[in-house]
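For reference, the structure discussed in these notes is given below.
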Amino acid sequence: MDAFDSTYEYLADNTRKTAMDFPTACRALLNEVLITAKLLIPENKSLVSDPYRALTVIDLGFGCGDQTVHLMQETYNTVPTDSGSTAEQRFPPIKRYVGVTLDRTQFHLGMLGRSHTSSSIKIFCADAAQPASWSEELARAAKLTSVSPSSSRDAPSSAKLAESINREIWVLALDTLYHFAPSRQPIFDYAHRELEASLMAFDLALADDASWFDRALLAIVCLFTGTPFSNFVTAAQYRTMLTLAGYDEDSIELRDVSEHIFAPLTRFLLERERQLGLIGLGIGGVRVARWMFGWWGKSGVVRGVIVIARR
Ligand SMILES: C[S@@+](CC[C@H](N)C(=O)[O-])C[C@H]1O[C@@H](n2cnc3c(N)ncnc32)[C@H](O)[C@@H]1O
């Protein structure tokens with residue numbers, strides 16, 4: 001699996017050696033999503049320089065902000081040449097970043113970090129699953145305000161016009177959408193119709209052949225973890241939701257990466273359980289999580305998928 005083998009597989013290799021670097025593995029997963037979306041160019045290749053390319057990222061469930069920092073680093077990780085171009089650029093520049101989280105603590109943490117960064121980064125505490133409930137400020141920040149000669153009193157410069165033409169809007173949801181209550185459908189609809197955005201995500205899906213016993217067990221797990229069971233849909237049902245939102249069937253890609261996720265995660269949790277046990281700390285939650293990921297890894301009942309839907 002090309003770049004994935006050398007990046008996220010890092011998790012598997014290091015867990016076997018019990019020297020796992022979890023943040024590195026999370027960054028590698030994000031990179032893999034970006035590579036699948038054809039935004040990040042695999043190592044040793046560079047992006048064809050396009051000064052007018054402008055990326056907007058609307059990041060749903062940005063967590064502790066690590067992925068925000070990583071995205072911005074990719075943006076600025078360019079090597080200017082004598083001519084001023086960015087020949088070694090691997091990622092198009094992010095001109096606007098809008099982060100949304102439901103978690104107030106994560107929001108406050110993000111605000112602390114944001115004060116040192118550019119004003120093109122905006123973060124909000126809101127329910128990303130219910131865009132109808134978004135404040136006017138968030139809706140305005142997320143929505144593209146395109147520059148067009150007819151809507152602007154002052155004719156825009158040709159550079160501004162070119163930039164508005166090359167603007168790409170991506171909704172990013174890393175390990176988040178399966179939490180959305182009551183469903184992912186409202187944000188899919190909003191992303192396609194209102195934001196005119198493409199979607200890139202790492203998400204969970206239900207195996208086509210999941211038995212009734214597995215489904216019942218999963219429903220119990222969902223009850224205890226507060227995850228809507230109805231979000232565990234098969235890949236075919238997932239595609240249908242995206243096409244209902246307006247995405248073309250041909251522009252949807254679901255890439256199953258389960259083997260790189262659940263078994264390595266189980267090994268990581270086993271090691272963490274052992275370390276916590278050594279210093280006498282409680283390990284109940286870790287044990288439950290290890291059991292759950294181990295079950296998913298062995299049975300294949302829940303699948304880890306990279307989802308891309310292009311506008
Ligand atoms: C498993 S964490 C993933 C965090 C981060 N994306 C990552 O991959 O490290 C899920 C995140 O989604 C957020 N979240 C869950 N439901 C949400 C909702 N309805 N609206 C906004 N954020 C939500 C949580 O606050 C949490 O930050």
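Both counts, for ligands and for their atoms, begin at 1 and track the order of listing. Scope of the values below: all heavy atoms of this structure, side chains included, with no hydrogens, waters or symmetry mates.
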Using every non-hydrogen atom in the two residues, find where Gly304 and Leu204 come nearest and quote the distance to one decimal. CA-CD2, 4.3 Å
Nearest heavy-atom neighbours spanning Val100 and Ala126: CG1-O, 3.5 Å
Are more than 12 heavy atoms, taken from residues, nucleotides or ligands other than Glu136, located less than 6.0 Å from that residue's CD atom? no
Which ligand 1 atoms are under 4.0 Å away from a heavy-atom of Thr101? 21 (C), 22 (N), 25 (O)
Does any donor atom in the side chain of Asp256 or Ser258 lie under 3.5 Å from an acceptor atom in the other side chain? yes
Which residue and heavy atom of the protein sit nearest atom 15 (C) of ligand 1, plus the separation: His179 CB, 3.8 Å
Between the side chains of Thr68 and Tyr97, does any donor sit under 3.5 Å from an acceptor? yes
Is it the case that more than 12 heavy atoms not belonging to Gln185 sit under 6.0 Å from its CD atom? yes
Heavy-atom check, side chain of Ile261 versus side chain of Leu29, under 4.5 Å: yes
Do any nitrogen or oxygen atoms of Leu60 lie less than 3.5 angstrom from nitrogen or oxygen atoms of ligand 1? no
Closest approach of any protein heavy atom to atom 25 (O) of ligand 1, naming residue and atom: Gln106 OE1, 3.3 Å
Residue and atom name of the nearest protein heavy atom (relative to atom 20 (N) of ligand 1), distance in Å to one decimal: Ala128 N, 2.8 Å
Do you know which two heavy atoms are closest between Ala207 and Arg215, and how far apart they sit? O-NH2, 4.4 Å
Would you say the rings of Tyr190 and Trp134 are close, in the sense that their centroids are separated by under 6.0 Å? yes
Using a 4.0 Å cut-off to any heavy atom of Ala129, which atoms of ligand 1 qualify? 19 (N)
Say whether Asp175, considering both its backbone and side-chain N or O atoms, lies within less than 3.5 Å of an N or O atom on ligand 1. no
Return the residue, atom name and 0.1 Å-rounded distance of the protein heavy atom closest to atom 21 (C) of ligand 1. Leu102 N, 3.3 Å
In the protein, what heavy atom is nearest to atom 7 (C) of ligand 1, and what distance, to one decimal place, separates them? Gln67 OE1, 3.2 Å
Starting from atom 17 (C) of ligand 1, find the nearest protein heavy-atom neighbour and note its residue, name and distance. Phe180 CE1, 3.6 Å
For atom 14 (N) of ligand 1, grab the closest protein heavy atom and report residue, atom and distance to one decimal in Å. Thr176 CG2, 4.1 Å
Could you tell me whether Arg274 and Glu271 make a salt bridge, using a distance below 4.0 angstrom between a side-chain N and a carboxylate O? yes
Return the residue, atom name and 0.1 Å-rounded distance of the protein heavy atom closest to atom 13 (C) of ligand 1. Gly61 CA, 3.7 Å
Quick note on ligand 1: atoms under 4.0 Å from a heavy atom of Asp127 include exactly 18 (C), 19 (N), 20 (N)
Any non-hydrogen atom of Ala126 lying under 4.0 Å from ligand 1? yes
Polar-atom distance check: Leu174 versus ligand 1, any N or O pair below 3.5 Å? yes
